[in-house]
Amino acid sequence: MRGALHAEWTKLRTVPSTWWLLLAVAALTVALSAAATGTVSTDQCPSPDACHEDTVKLSLTGIWLGQAAVAALGVLAMSGEYGTGTIHATLTAVPGRGRVLAAKAAVVLGAALVAGTVAVLGSLLAGRFILPGNGFSAAPLSLTEGPALRAAVGTVLYFGLTALLSLGVATLVRDTAGAITTVLGLLYALPAVVELVGNEEWREGIREWAPASAGLAVQATKNLDSLPIAPWSGLAVLAAWAGAGLLAGAAAFTLRDA
């Protein structure tokens, strides 16, 4: 397994697109988060005390862009090898397909967690600089507070689980365009379609099981009773999606020819 991990890490770090995507995860997340915090002010409220904005969740808004780069990273880790034909060399060097997929999952997860940590810390730091100028207190962004720490850690884990889900879909589909379309559809199109559902009970049910809406519940630090699902339970739903994607990909990877 050590040799498989070393091989997968070598492949991942020597592909230029990997570093661009990791940079995009941090840059896009921080940029959108800063833009979102800059547009909200206590001047929009009857009084500063009447503002009940969830400043932690607001400061982490950029995940909606950053997750696309993480998804691309997870997809390319597998589909890139099918596109270039190097998957044959990989399976010759490491015949155990389960070991290959496990090694890919480990290095992709590690890279996504590191980039996600930089993105989350950068977003919260941007919020600490911007929000006080808009009339908000920077105190809620302190990681010494339980809800803020949970939101920060949960968002980093969201990045990692999204990368694993993307890797699983790519292993199942084997095509870069098809895999990215599938993952982005789950992350972006599904939440949009939910809003078109007329039945409120159905809408709530879909939100509880959709990977993005459920997973991002972990960012909330206020009005938790209004959420469709509890924060950690929502992240567990995303973990289930990632696990199902990897299991389906592993089954296809083992049973089909390269």
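Along the sequence shown, residues carry numbers from 1. Bear in mind the structure is a predicted one, so any value in this text is a computation, not a measurement.
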Asker: With sequence neighbours excluded, tell me which residues meet side-chain hydrogen bond (donor to acceptor under 3.5 Å, both in side chains) with T182.
Answerer: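 Here no residue qualifies.
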Asker: Any donor and acceptor pair, going by atom type alone, linking the side chain of W232 with main-chain N or O of V218 inside 3.5 Å?
Answerer: no
Asker: According to side chain to side chain contact (heavy atoms under 4.5 Å, CB included), who are the partners of T254, at least two apart in sequence or on a separate chain?
Answerer: none
Asker: Does the T39 side chain pair with the main chain of A36, one donor and one acceptor, at a distance under 3.5 Å?
Answerer: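 Yes, because the side chain of T39 sits within donor-acceptor range (under 3.5 Å) of the backbone of A36.
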Asker: Would a single hydrophobic cluster contain both V118 and L125, if residues Ile, Leu, Val, Met, Phe, Trp and Tyr are joined by side-chain heavy-atom contacts under 4.5 Å?
Answerer: no
Asker: With sequence neighbours excluded, what pairs up with L184 under the side chain to side chain contact (heavy atoms under 4.5 Å, CB included) test?
Answerer: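 Checked L184 against side chain to side chain contact (heavy atoms under 4.5 Å, CB included); matches are A68, A71, I180, Y188.
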Asker: Remaining members of L23's ILVMFWY cluster at a side-chain heavy-atom cut-off under 4.5 Å?
Answerer: W20
Asker: T171: what forms a side-chain hydrogen bond (donor to acceptor under 3.5 Å, both in side chains) with it, not counting sequence neighbours?
Answerer: none
Asker: Which residues satisfy the side chain to side chain contact (heavy atoms under 4.5 Å, CB included) test with V114, sequence neighbours excluded?
Answerer: none
Asker: How close do I130 and A34 get, heavy atom to heavy atom, and via which atoms?
Answerer: CD1-O, 3.6 Å
Asker: For T84, give me all partners under side-chain hydrogen bond (donor to acceptor under 3.5 Å, both in side chains), at least two apart in sequence or on another chain.
Answerer: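 Counting only residues at least two positions away or on another chain, T84 forms a side-chain hydrogen bond (donor to acceptor under 3.5 Å, both in side chains) with T86.
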Asker: Testing the basics here: between T18 and L12, what is the closest heavy-atom pair and its distance to 0.1 Å?
Answerer: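 Nearest pair, atom of T18 first, then L12: OG1-O, 2.7 Å.
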Asker: Using the rule that two of Ile, Leu, Val, Met, Phe, Trp, Tyr join whenever any of their side-chain heavy atoms come within less than 4.5 Å, decide whether W64 and V30 are in one cluster.
Answerer: no
Asker: Which heavy-atom pair separates V156 from L113 by the least distance, and what is that distance?
Answerer: O-CD2, 3.5 Å
Asker: Please collect all side chain to side chain donor-acceptor pair (under 3.5 Å) contacts where either partner lies in residues 100-112, sequence neighbours excluded, each pair once.
Answerer: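 Sorted pair list: E8-K104, E81-K104.
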Asker: Who passes side-chain hydrogen bond (donor to acceptor under 3.5 Å, both in side chains) against T221, sequence neighbours left out?
Answerer: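 For T221 the side-chain hydrogen bond (donor to acceptor under 3.5 Å, both in side chains) partners, ignoring immediate neighbours, are D54.
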Asker: Are R174 and S79 side-chain neighbours, meaning at least one heavy-atom pair lies under 4.5 Å?
Answerer: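 No. Closest side-chain heavy atoms not under 4.5 Å.
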Asker: Minimum heavy-atom separation for P211 and L190, please, with both atom names.
Answerer: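 That would be CD-CD2, 4.0 Å.
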Asker: For S59 versus L124, what's the shortest heavy-atom pair and its separation?
Answerer: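 Looking at all heavy atoms of both residues, the closest pair is CB-CD2, 4.2 Å.
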Asker: How would you list, by chain and number, every residue that makes a side chain to side chain contact (heavy atoms under 4.5 Å, CB included) with W209, sequence neighbours excluded?
Answerer: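 Only V237 meet the side chain to side chain contact (heavy atoms under 4.5 Å, CB included) criterion with W209.
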Asker: Only pairs at least two apart or in different chains count here, so list each salt bridge (charged side-chain N to carboxylate O under 4.0 Å, His left out) that has a residue in residues 116-127.
Answerer: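 For residues 116-127, and leaving out neighbouring residues, there are no salt bridge (charged side-chain N to carboxylate O under 4.0 Å, His left out) pairs at all.
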Asker: Only distances under 3.5 Å count here; give the side-chain donor-acceptor pairs of residues 158-165 to other protein atoms, sequence neighbours excluded, each with its distance to 0.1 Å.
Answerer:
residue	atom	partner	partner atom	Å
Y158	OH	Q67	OE1	2.6
T162	OG1	Y158	O	2.8

Asker: Testing the basics here: between I229 and A217, what is the closest heavy-atom pair and its distance to 0.1 Å?
Answerer: O-CB, 3.7 Å
